[in-house]
Amino acid sequence: KESLQNDIRTLKKEKESLESEINGLREDDKEKAAFYKELEARAKELEVLAYEDSKFGTGNLNAFNRDFSQIVKDDVVLCVVGISGMKVINISYGRDAGDNAIRTVSDKLVGTFNKENVYRIMGDQFAIITKGDNYEEIKNRLNEIKNDLAGIQININFGLAIGRHCKNLQDMVKEAENAEIVMKSGAGNGFAMTSVIQPNQYESTDEESMPQNKKPTIVSPEDPEDVDMDEMLMNYMEDEG
């Protein structure tokens with residue numbers, strides 16, 4: 001009997017020891033779960049930093065290269081939008097005024113084309129990836145934005161490239177950029193014309209043969225100045241007065 005009681009006491013101690021170990025493992029699992037949850041949250045924060053323009057909330061160049069490299073070319077129209085006269089604004093009225101001008105343009109584009117489709121690819125240049133091929137409607141919407149902004153002394157120019165009319169993605173980027181430059185010169189209406197920008201960096205015209213580690217990137221030449229500074233300042237002073 002005494003031996004049996006000793007065995008029972010031993011078993012109870014072993015049970016308590018096992019329960020303690022189990023509880024310890026549960027706590028360890030909770031700590032691990034909390035750790036992995038924190039890592040996941042941090043990863044999402046880093047993704048936002050990597051792909052979102054922290055100043056204006058649109059996608060950035062990284063996001064554009066990621067998304068544009070995955071599109072089906074024939075199903076989209078690419079828009080490139082540039083702001084003219086930023087040097088004048090920054091020098092004459094300060095960087096805050098320049099940021100306000102960019103923010104105003106950004107808000108207009110996001111309000112019209114939705115945030116997930118708009119990318120700030122340079123300081124004063126945006127890209128828009130639009131689904132479908134209704135380029136007349138897209139052009140009209142951009143012209144409405146252009147006219148609205150002109151009323152507050154902000155001038156934009158834009159270029160469109162229709163995917164199914166382009167040889168590949170890089171050609172599409174260059175056609176849109178070229179059309180924006182032509183509009184800025186006063187000789188175009190925003191549709192792609194013969195490219196005068198650098199030759200295609202890809203030898204092949206077959207999209208599928210492009211190296212996977214190569215992504216199309218925006219190639220933006222230095223903006224020509226086409227703004228009459230005195231006239232702009234005069235208009236601004238009249239509006240302020």
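Computed over heavy atoms, backbone and side chain alike; hydrogens, waters and symmetry mates excluded.
- At least one donor-acceptor pair closer than 3.5 Å links the side chain of K73 to the backbone N or O of C166.
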Check step by step if side-chain contact (heavy atoms from CB on, under 4.5 Å) holds for L169 and I71.
-> CA-CA 9 Å; L169 296 180; I71 66 169; 3.7 Å; yes
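- Across every non-hydrogen atom of M172 and F68, the tightest pair is SD-CZ, 3.9 Å.
- Minimum interatomic distance between L160 and A179 (heavy atoms only, all atoms of both residues): N-CB, 4.0 Å.
- Heavy atoms only, all atoms of each residue included: N62 and A50 are closest at ND2-O, 3.0 Å.
- Note that CD of Q125 is 10.0 Å distant from CG of L61, once rounded to the nearest 0.5 Å.
- Separating the CD1 atom in I154 from the OG atom in S84 is a distance of 11.5 Å, to the nearest 0.5 Å.
- Separation of atoms CG (N114) and OG1 (T130) is listed at 11.5 Å; rounding is to 0.5 Å.
- A donor-acceptor pair under 3.5 Å links the side-chain atoms of N147 to the main chain of N143, judged by distance alone.
- Taken to the nearest 0.5 Å, the OG1 atom of T112 stands 8.0 Å off from the CD1 atom of I128.
- When all heavy atoms of G163 and D74 are compared, the closest pair comes out as O-OD1, 3.8 Å.
- A heavy-atom distance below 4.5 Å is not found between the side chains of N60 and I121.
- Checked for salt-bridge contact, K55 and D99 meet the test: a charged N lies under 4.0 Å from a carboxylate O.
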For the pair N117 and K131, evaluate side-chain hydrogen bond (donor to acceptor under 3.5 Å, both in side chains) and give the outcome as yes or no after the intermediate values.
-> CA-CA 9 Å; N117 300 319; K131 301 293 175 64; 5.7 Å; no
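- Using a 4.5 Å heavy-atom threshold, the side chains of F158 and L109 count as separate.
- For the pair M86/I102, a side-chain contact is recorded, criterion being any heavy-atom separation below 4.5 Å from C-beta on.
- Under the 4.0 Å criterion applied to side-chain N and carboxylate O atoms, E52 and K115 are assigned as salt-bridge partners.
- Residues Y119 and D53 fail the side-chain proximity criterion, which asks for heavy atoms closer than 4.5 Å.
- With rounding to the nearest 0.5 Å, the separation of OG1 in T58 from CG in D107 is 10.0 Å.
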F64 and I129: CA distance, side-chain angles, deciding distance, side-chain contact (heavy atoms from CB on, under 4.5 Å) verdict = CA-CA 9 Å; F64 173 80; I129 301 174; 4.0 Å; yes
May I have the step-by-step check of salt bridge (Lys or Arg N to Asp or Glu O under 4.0 Å) for D148 and K108, ending in yes or no?
-> CA-CA 9 Å; D148 288 345; K108 283 279 188 182; 3.6 Å; yes
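- Using a 4.5 Å cut-off on side-chain heavy atoms (C-beta onward), I145 and I156 make contact.
- Residues I83 and N155 fail the side-chain proximity criterion, which asks for heavy atoms closer than 4.5 Å.
- D67 has its side chain out of reach of Y51: every pair of non-hydrogen atoms, C-beta onward, lies at least 4.5 Å apart.
- Between the R120 side chain and the F56 main chain, no donor and acceptor come within less than 3.5 Å of each other.
- Within the 4.5 Å cutoff, the side chain of Q153 has no heavy atoms near those of the I89 side chain.
- Residue D124 holds its CG atom at 12.5 Å from OG of S106, rounded to the nearest 0.5 Å.
- A salt bridge between E180 and K184 is absent, with no side-chain N of the basic residue lying under 4.0 Å from a carboxylate O of the acidic one.
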